[in-house]
Protein chains: 2
Amino acid sequence: MLSYESSLQALADPTRRTIFELVRSRPRSVAELAANVTVSRPAVSQHLGVLERARLVRHRKRGTRHVYHPDPAGLAPLREYVESLWDDVLTAFAAAGDEDGGNGDARDEE
Amino acid sequence: MLSYESSLQALADPTRRTIFELVRSRPRSVAELAANVTVSRPAVSQHLGVLERARLVRHRKRGTRHVYHPDPAGLAPLREYVESLWDDVLTAFAAAGDEDGGNGDARDEE
DNA sequence: ATGATTCGTAAGACAGCACTAACGGTTAGC
DNA sequence: GCTAACCGTTAGTGCTGTCTTACGAATCAT
């Protein structure tokens with residue numbers, strides 16, 4: 001699996017995105033994260049596993065607590081991918097025009 | 001639903017991402033898209049519906065054919081979101097340091 | 001050493017999503 | 001007007017992912 005795929009799929013889930021937003025603003029423990037979302041603590045732990053596999057977060061053991069903090073390693077490929085899409089789509093869009101529903105002249109071009 | 005959420009969720013699916021890649025490279029009809037993926041034509045039509053609701057593609061009726069082309073409207077919010085994540089994560093990462101497994105000094109800070 | 005706290009993991013139930021098959025609508029061509 | 005081609009939609013099915021409960025491991029405090 002390409003690197004930006006896992007990041008894309010990880011951030012697609014709303015709960016997981018909320019957790020990542022919390023970790024992004026400030027490093028937090030699992031219990032602190034679970035207190036700020038509607039799901040249980042094991043669910044948060046599973047989401048953190050997905051985020052960590054996607055290289056979006058890392059964790060550091062602080063005694064019995066696992067403190068999670070963001071990691072740019074997984075976000076960088078996603079950022080590059082979106083940027084490449086952005087450039088190509090702008091070019092393709094400018095070449096095609098911006099009208100959509102109108103079916104004025106029907107020329108066959110294939 | 002915020003705009004970048006739908007784009008994120010739409011691009012998370014591999015088949016949908018393949019379809020979007022094809023549309024990005026060149027405007028294509030539904031049958032042409034279906035010929036380049038492993039799923040059936042109705043499945044492609046459904047995926048195009050999701051992509052269109054996310055403002056990632058548009059379509060133009062060319063006789064009986066529906067030609068789909070990319071749309072920057074849905075991609076722009078996603079790009080801005082990823083960029084904002086990138087900036088904040090870089091800052092947070094620099095402030096936290098880059099070590100992970102090491103549990104050297106355990107101070108209680110809460 | 002013992003008890004308490006924090007966390008990860010396994011197992012099972014449940015919901016959501018993607019897919020196929022069948023149908024109906026619209027347009028081009030004869 | 002009639003046939004064929006292209007497409008969207010709906011109903012039904014299978015599967016992947018998420019959630020909760022229960023359990024075990026690791027660490028700090030007493």
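As the structure is a prediction and not an experimental result, all values here were calculated from the model. Lettering of chains follows the sequences in order, A, B, ..., and the numbering in each one begins at 1.
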* Structure fact -> 5' to 3', nucleotides 6-19 of chain C under a 4.0 Å protein heavy-atom cut-off (B base, S sugar-phosphate only, - none) gives SBBB-B------SB
For [X], which residues count as a side chain to side chain contact (heavy atoms under 4.5 Å, CB included) partner, sequence neighbours excluded?
{"X": "A/A73", "value": "A/R55, A/D71"}
{"X": "B/A34", "value": "B/R41, B/V44"}
{"X": "A/Q46", "value": "none"}
{"X": "A/A43", "value": "A/V39, A/S40"}

* For the helix from C/dA1-D/dT30 to C/dC30-D/dG1, figure out the bend between the end axes, five pairs an end, and round to 10 degrees. =>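 One end's axis against the other's: 30°.
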* Quick one: salt bridge (Lys or Arg N to Asp or Glu O under 4.0 Å) pairs with a partner in residues 10-21 of chain A, sequence neighbours left out? ->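 Residue pairs passing salt bridge (Lys or Arg N to Asp or Glu O under 4.0 Å), neighbours aside: A/R17-B/E5, A/E21-A/R24.
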* To do: Sequence neighbours left out, what pairs pass salt bridge (Lys or Arg N to Asp or Glu O under 4.0 Å) with at least one residue falling in residues 73-85 of chain B?
  =>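 Output for this query lists A/R79-B/E83, A/E83-B/R79.
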* Does B/Y68 have any ring pair (Phe, Tyr, Trp, His ring centres under 6.0 Å) partners at least two apart in sequence or in another chain, and if so, which? ->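 Ring pair (Phe, Tyr, Trp, His ring centres under 6.0 Å) check on B/Y68 returns B/H59.
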